[in-house]
Amino acid sequence: MKALPGSKNFPAGDGLACKRPCLVVITGPTGVGKTNLAISLAEEFQGEIISADSMQVYRYLDIGTAKPSTEEQFRIPHHIIDVVDPDKEFNAAMFVELANEAINFLQERQKSVFVVGGTGLYINALLGGLLDAPGADGLLRERYRKEVLIYGKDYLYGRLKEMDPESAGVIHPNDLVRTIRALEVMEHTGKSITKIQGEHGFKNRPYDYIKIGLSMDRGVLYEKINKRVDRMIDDGLVDEGERLLEMGYDESSLPMQAMTYRNVISYIKGDQSSEDMIRLIKRETRHYARRQLTWFRRDPDIKWFAPEDENMISRAVNSRVLVYS
RNA sequence: GGGUCGGUAGCUCAGUCGGUAGAGCACGGGACUGAAAAUCCCGGUGUCGACAGUUCGAUUCUGUCCUGACCCA
């Protein structure tokens with residue numbers, strides 16, 4: 001019988017226990033092959049999968065998010081997929097909450113836990129905890145957005161410079177999302193988000209974990225991404241976009257503003273040709289993969305493998321577990 | 001065989017009246033703590049086909065060669 005790295009009582013039978021949950025994290029750029037590997041490992045180690053993907057949480061966004069198929073989800077149960085409608089709010093904090101619940105659930109059933117996905121922030125938030133700061137304030141953000149429309153983009157940044165010069169020194173004047181977040185935190189707590197971040201630094205460590213990164217030659221990865229986009233089109237990506245519009249999920253829903261659906265909607269509305277849609281989805285997905293690599297590269301915890309090194313990865317998962325035996 | 005027009009970034013091309021070059025696309029690097037497939041910052045990545053000549057200096061002018069397209073034989 002294989003070891004259960006996520007189980008409370010590993011290894012089974014010898015009375016030694018893993019003091020804290022041990023997670024197996026599998027990450028890497030989009031299209032590298034995380035899903036296949038994770039399913040195979042989950043079968044080998046009798047585990048289940050927690051998806052760490054900020055887009056697969058939305059219902060009805062199936063083809064464009066490369067969501068695991070129903071057959072794949074039948075083979076291995078996936079958690080935190082299809083948990084909200086596309087027009088509902090979702091964020092890193094909600095992910096952490098759901099992931100903690102799922103981990104508890106799996107621990108109780110002696111299942112190993114595979115956290116699989118390419119959303120680096122979600123993984124960091126799960127493993128390191130989020131700031132002790134207030135959550136998103138939709139009304140306040142709306143007010144800020146209106147002020148930008150009236151007074152121009154420099155106005156809000158100017159306010160930030162007055163109220164929180166420390167954060168203004170770190171946030172670029174053009175980065176509206178972070179400017180608004182910093183003002184929001186200041187408004188609610190009177191504290192500088194930059195200061196809070198410095199004190200925090202993702203230092204909570206609720207779980208032990210092994211982080212496995214999948215990587216491959218950049219050119220090969222880009223070729224895979226291009227082909228996957230062609231396949232999405234063949235599989236009916238445009239039909240999926242039309243269905244979503246019929247359901248009332250237009251570009252005012254956040255996930256519909258992400259690279260894939262943004263371009264599908266633009267095509268359906270006649271704003272761009274089919275060729276441009278495909279070209280842009282491919283390009284933006286390649287750029288996304290590059291941004292992911294930038295994020296993961298600086299993480300010293302990640303042990304990197306090629307996707308086909310399944311045996312080595314399997315041994316790494318096992319050996320990590322043996323540390324606790 | 002003769003002629004015409006080309007050969008400049010990964011691609012398509014512009015340009016330099018002689019002072020080592022720039023657009024689009026493609027691409028590279030970075031930031032990131034409650035929107036993260038979001039948001040934002042930085043970067044031209046080059047033997048200007050090769051060799052010689054003229055010149056203080058040649059990617060630019062001249063010659064020869066290589067090479068591609070087309071035209072005439």
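So you know, we letter chains A, B, ... as the sequences are listed, proteins then strands, and number each from 1. No experiment lies behind these values; they were computed from the predicted model shown.
- Put simply, CG on Asp276(A) is 17 Å from P on rG24(B), counting in whole angstrom units.
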Show every donor-acceptor pair shorter than 3.5 Å between a side-chain atom in residues 74-81 of chain A and any protein atom, with sequence neighbours excluded, or say none if there are none.
from     : atom 1 : to       : atom 2 : distance (Å)
Arg75(A) : NE     : Glu43(A) : OE2    : 2.9
Arg75(A) : NH2    : Glu43(A) : OE1    : 3.0
Arg75(A) : NH2    : Glu43(A) : OE2    : 3.4
His78(A) : ND1    : Ile76(A) : O      : 2.8
His79(A) : NE2    : Glu48(A) : OE1    : 2.7

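- In this structure, CD of Glu275(A) is placed 18 Å from P of rC25(B), rounded to the nearest angstrom.
- Thr27(A) places a side-chain N or O within 3.5 Å of a backbone atom of Gly117(A) that can act as its donor or acceptor partner.
- No side-chain N or O of Gln292(A) forms a donor-acceptor pair with one of Thr30(A) less than 3.5 Å apart.
- A donor-acceptor pair is defined here as one N or O able to donate and one able to accept, closer than 3.5 Å; no such pair exists between the side chain of Asp299(A) and the backbone of Trp295(A).
- Of all the residues in residues 59-70 of chain A, Gly64(A), Thr65(A) reach under 4.0 Å from RNA chain B with at least one non-hydrogen atom.
- Inspection of the Asn100(A) and Tyr207(A) side chains reveals an N or O donor paired with an N or O acceptor under 3.5 Å.
- Residues from residues 280-287 of chain A lying near RNA chain B, meaning a heavy-atom separation below 4.0 Å, are Arg283(A), Arg286(A), His287(A) in numerical order.
- Listed nucleotides rG29(B), rA26(B), rA36(B) differ in distance to Met55(A); the shortest reach to its side chain belongs to rA36(B).
- Remark: nothing in residues 265-273 of chain A comes within less than 4.0 Å of RNA chain B through any heavy atom.
- Taking atom OH on Tyr222(A) and atom P on rA26(B), their separation rounds to 12 Å, with Å as the unit.
- Rounded to an integer number of Å, the gap from CZ of Arg218(A) to C1' of rG10(B) is 15 Å.
- Panel note: side chain Asp175(A), backbone Ile171(A); no donor-acceptor pair is recorded below 3.5 Å.
- Of the possible donor and acceptor atoms, one in the side chain of Gln56(A) sits under 3.5 Å from a partner among the backbone N and O of Thr65(A).
- The CD1 atom of Ile180(A) sits 17 Å away from the P atom of rA38(B) (whole-angstrom rounding).
- For Glu184(A) and rU33(B), the CD to P distance is 13 Å, given to the nearest whole Å.
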Under the 3.5 Å Watson-Crick or G-U criterion, the dot-bracket string of RNA chain B, with | for inter-strand pairs: (((((((..((((.....[..))))((((((.......))))).)...(((((..]....)))))))))))).
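- The main-chain N or O of Met256(A) is never found under 3.5 Å from a side-chain atom of Ser253(A) such that the two would form a donor-acceptor pair.
- Contacts between residues 224-256 of chain A and RNA chain B, defined by a heavy-atom separation under 4.0 Å, are made by Leu254(A).
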Per-nucleotide protein contact string for nucleotides 39-46 of chain B (B base, S sugar-phosphate only, - none; heavy atom under 4.0 Å): BBS-----
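- Applying the side-chain hydrogen bond (donor to acceptor under 3.5 Å, both in side chains) test to pairs two or more places apart or on separate chains, those with a residue in residues 122-140 of chain A are Asp137(A)-His188(A).
- Counting only residues at least two apart or on different chains, the ring pair (Phe, Tyr, Trp, His ring centres under 6.0 Å) pairs with a member in residues 136-177 of chain A are Tyr151(A)-Tyr155(A).
- At a non-hydrogen distance threshold of 4.0 Å, Phe90(A), Asn91(A), Ala93(A) from residues 89-99 of chain A come into contact with RNA chain B.
- No donor-acceptor distance shorter than 3.5 angstrom exists from the side chain of Lys153(A) to the backbone of Pro173(A), with no hydrogens or angles considered.
- A side-chain donor-acceptor contact under 3.5 Å links Glu240(A) to the backbone of Asp62(A).
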Verdict with reasoning, Gln46(A) to Ser112(A), per side chain to side chain donor-acceptor pair (under 3.5 Å): CA-CA 6 Å; Gln46(A) 301 168 39; Ser112(A) 53; over 6 Å; no
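- Contacts of Met186(A) classified as side chain to side chain contact (heavy atoms under 4.5 Å, CB included), with partners at least two apart in sequence or in another chain: Met163(A), Asp164(A), Ser192(A).
- Between the side chain of Gln257(A) and the backbone N or O of Glu251(A), at least one donor-acceptor pair lies under 3.5 Å.
- Cluster partners of Ile193(A), using a side-chain heavy-atom cutoff of under 4.5 Å among ILVMFWY residues and allowing indirect links, are Leu131(A), Val185(A), Ile196(A).
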